[in-house]
Engineer: 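Let me give you the structure first, and then I'll get to my questions.
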Number of protein chains: 2
Amino acid sequence: MREKLSTILYSEGVLFMKQLHHPDRKDIQLASVLYALSDPIRLYVASEIRKHGAQACNSFKVPIAKSTLTHHARTLREAGVIHTRVQGTQRILSLRTEDLDERFPGLLDSVLQAYERSEPGEGFGEPAEEQEE
Amino acid sequence: MREKLSTILYSEGVLFMKQLHHPDRKDIQLASVLYALSDPIRLYVASEIRKHGAQACNSFKVPIAKSTLTHHARTLREAGVIHTRVQGTQRILSLRTEDLDERFPGLLDSVLQAYERSEPGEGFGEPAEEQEE
DNA sequence: TCAATAGTTCGTAAGTAATCGAACTATACA
DNA sequence: TGTATAGTTCGATTACTTACGAACTATTGA
């Protein structure tokens, strides 16, 4: 039988929810940023934030499990692409445009513009409407 | 005991060395390009080509096995970042700047400029000279 | 014909990544 | 209180990546 996590962790003085770590601007690595943006779901998330502003995870209509989205959000955050702030039960994701522009001028813009050109649809991965032949 | 590969393969009419595949310009995917460029060695290779022009694999001074460099060159090629042409015993690697610029304007430039700013050294991964404190 | 050089392929090992569902925490609200 | 909502953590699975050395092909040039 398993003890409740809170009982175990709080009783030992360990924080359950890790402090969200955001790298300092100077520690943002080019390779990590490119890696974070090399996944279709993460590209979509970054692009949605750029188009419609900061927003919570649950506003992204992606065909994956909640835990998988958490993983992608962490990848973006740890690479320095997004900032996550807690608001009630939500995590609000925003792009670190200033930090990225300062460190890698023009990069984020050219990536997201390229993405938006190549994926003109609204939702995720919609193949631009099934085309009958 | 192992038969010679050539005996096996040619006798079955199979080409030993795969035809080098380069994706058509229109098939170059943003995520694949970003992924290909998200590795320090591949970034270095791309940057060296941009700085000094098309060159063979053996001109890259990288601390990895030959077979590993082959792997990285294939990753860049299959993503559409570089073009490989055979010249004697060598494979000459060049950047597909026109194709990339047409498909993702400004992307390659901002990536490689960002790389060259953040890695000012000449060789690979040289930590800009050990600094005593 | 032989040796040297350039690069590929293969097999393997270790590490990392994407994914899921279940169990959980945290907050808001009725 | 209790319930709903938002998101995290955990453990497992599966797949991919990076890396190497050994064996190989292909070409050049002595």
Side-chain angles (χ1 to χ4, degrees), chain A residues 1-11 14-21 31-32 34-45 55-79 82 84-93 125, chain B residues 1-11 14-21 31-32 35-45 55-79 82 84-93 124-125:
Chain A
M1 187 127 355
R2 200 169 157 191
E3 232 181 321
K4 274 178 91 182
L5 261 184
S6 56
T7 313
I8 303 167
L9 295 178
Y10 282 118
S11 64
V14 179
L15 271 174
F16 168 65
M17 200 164 312
K18 270 199 197 107
Q19 233 56 283
L20 293 179
H21 179 252
S32 309
L34 296 176
Y35 178 77
L37 293 172
S38 72
D39 176 275
I41 288 180
R42 295 192 294 256
L43 268 176
Y44 168 75
V45 167
Q55 55 199 287
C57 297
N58 67 327
S59 65
F60 303 109
K61 299 303 174 232
V62 285
I64 53 170
K66 277 197 306 179
S67 53
T68 306
L69 184 55
T70 295
H71 155 75
H72 286 304
R74 186 176 50 224
T75 302
L76 286 166
R77 176 171 48 76
E78 289 180 349
I82 65 172
T84 302
R85 81 166 191 279
V86 178
Q87 189 179 83
T89 65
Q90 301 187 313
R91 304 289 181 276
I92 308 294
L93 311 185
Chain B
M1 185 117 11
R2 199 168 156 192
E3 230 181 322
K4 273 179 91 180
L5 259 185
S6 56
T7 312
I8 302 166
L9 295 178
Y10 281 119
S11 63
V14 179
L15 273 174
F16 169 64
M17 199 165 312
K18 269 202 198 104
Q19 233 57 285
L20 292 181
H21 179 252
S32 309
Y35 178 78
L37 293 172
S38 72
D39 175 274
I41 286 179
R42 295 192 296 257
L43 268 176
Y44 169 75
V45 167
Q55 55 198 287
C57 297
N58 68 326
S59 65
F60 302 109
K61 299 304 174 231
V62 284
I64 53 170
K66 277 198 305 180
S67 54
T68 305
L69 184 54
T70 295
H71 155 75
H72 285 304
R74 186 176 51 223
T75 302
L76 286 166
R77 175 171 50 75
E78 289 178 350
I82 64 171
T84 302
R85 80 168 194 278
V86 178
Q87 190 180 80
T89 63
Q90 300 185 314
R91 305 289 180 275
I92 308 295
L93 312 186
F124 172 76

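The chains referred to below are lettered A, B, ... by the order of the sequence lines, with proteins before strands, and numbering in each begins at 1. This one's a predicted model, so the numbers in the text were calculated from it and none came from an experiment.
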Engineer: How many Å lie between CD on A/Gln90 and P on C/dC29, as a whole number?
Structural biologist: 11 Å

Engineer: Is there a donor and acceptor pair, one atom on the side chain of B/Ser67 and one on the base of D/dG21, closer than 3.5 Å?
Structural biologist: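 Result: at least one qualifying N/O pair found.
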
Engineer: Please round to the nearest 0.5 Å and tell me the distance separating atom CG of A/Leu20 and atom CZ of A/Arg91.
Structural biologist: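 Separation between the atoms: 6.5 Å.
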
Engineer: Strictly below 4.0 Å: does A/Tyr35 bring a side-chain N or O up to OP1 or OP2 of C/dA18?
Structural biologist: yes

Engineer: Separation of A/Arg91 atom CZ from C/dA26 atom P, in whole Å?
Structural biologist: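 So the CZ-P distance, A/Arg91 to C/dA26, works out to 10 Å.
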
Engineer: Side chains of A/Val62 and A/His72, heavy atoms from C-beta outward: is any pair under 4.5 Å?
Structural biologist: no

Engineer: Between P on D/dT17 and CD1 on B/Ile41, what's the gap in Å once rounded to a whole number?
Structural biologist: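 Those two atoms, CD1 and P, are 16 Å apart.
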
Engineer: Find the distance A/Leu20:CG to D/dG7:P and express it as a whole number of Å.
Structural biologist: 12 Å

Engineer: Using a 4.0 Å heavy-atom cut-off across all strands, classify B/Leu69 as base, sugar-phosphate, or nothing.
Structural biologist: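 No contact.
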
Engineer: It should be established whether B/Arg42 places a side-chain nitrogen or oxygen under 4.0 Å from OP1 or OP2 of nucleotide D/dT18.
Structural biologist: yes

Engineer: Say you draw a straight line from NE2 of B/His71 to CG of B/Asp39; how long is it, rounded to the nearest 0.5 Å?
Structural biologist: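 Result: 7.5 Å between the selected atoms.
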
Engineer: What integer distance in Å separates B/Asp39:CG from C/dG15:P?
Structural biologist: 18 Å

Engineer: Do the side-chain N or O atoms of B/Thr89 get closer than 4.0 angstrom to the phosphate oxygens (OP1, OP2) of D/dA26?
Structural biologist: no

Engineer: Taking for each residue the nucleotide of DNA chain D bearing the nearest heavy atom, is the 5' side occupied by A/Ala73 or by B/Ala65?
Structural biologist: A/Ala73

Engineer: In whole angstrom, give the distance that lies between atom CZ of A/Arg74 and atom P of C/dA18.
Structural biologist: 10 Å

Engineer: Atom CD1 of A/Ile64 and atom C1' of D/dG7: how far apart are they, to the nearest Å?
Structural biologist: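 Interatomic distance, CD1 of A/Ile64 to C1' of D/dG7: 13 Å.
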
Engineer: Can you work out whether A/Val86 or A/His72 has the more 5'-proximal nearest nucleotide on DNA chain C?
Structural biologist: A/His72

Engineer: For the pair made of NE2 in A/His71 and P in C/dA18, what is the distance, rounded to whole Å?
Structural biologist: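 Roughly 4 Å, once rounded to whole Å.
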
Engineer: To the nearest 0.5 angstrom, please state how far the CG atom of B/Leu69 sits from the CG atom of B/Leu93.
Structural biologist: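 So the CG of B/Leu69 and the CG of B/Leu93 are separated by 8.0 Å.
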
Engineer: CZ of A/Arg42 to CD1 of A/Ile82: how many Å apart, nearest 0.5 Å?
Structural biologist: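 Here the interatomic distance stands at 10.5 Å.
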
Engineer: Using a heavy-atom cut-off of 4.0 Å across all strands, would you classify A/Ala56 as base, sugar-phosphate, or nothing?
Structural biologist: sugar-phosphate

Engineer: Examine C/dT8: is either OP1 or OP2 under 4.0 Å from a nitrogen or oxygen in the side chain of B/Thr70? Give yes or no.
Structural biologist: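 True: B/Thr70 side-chain N/O within range (under 4.0 Å) of C/dT8 OP1/OP2.
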
Engineer: Does a side-chain N or O from A/Asn58 land closer than 4.0 Å to OP1 or OP2 of D/dG7, or not?
Structural biologist: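 Yes, because at least one side-chain N or O of A/Asn58 sits under 4.0 Å from OP1 or OP2 of D/dG7.
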
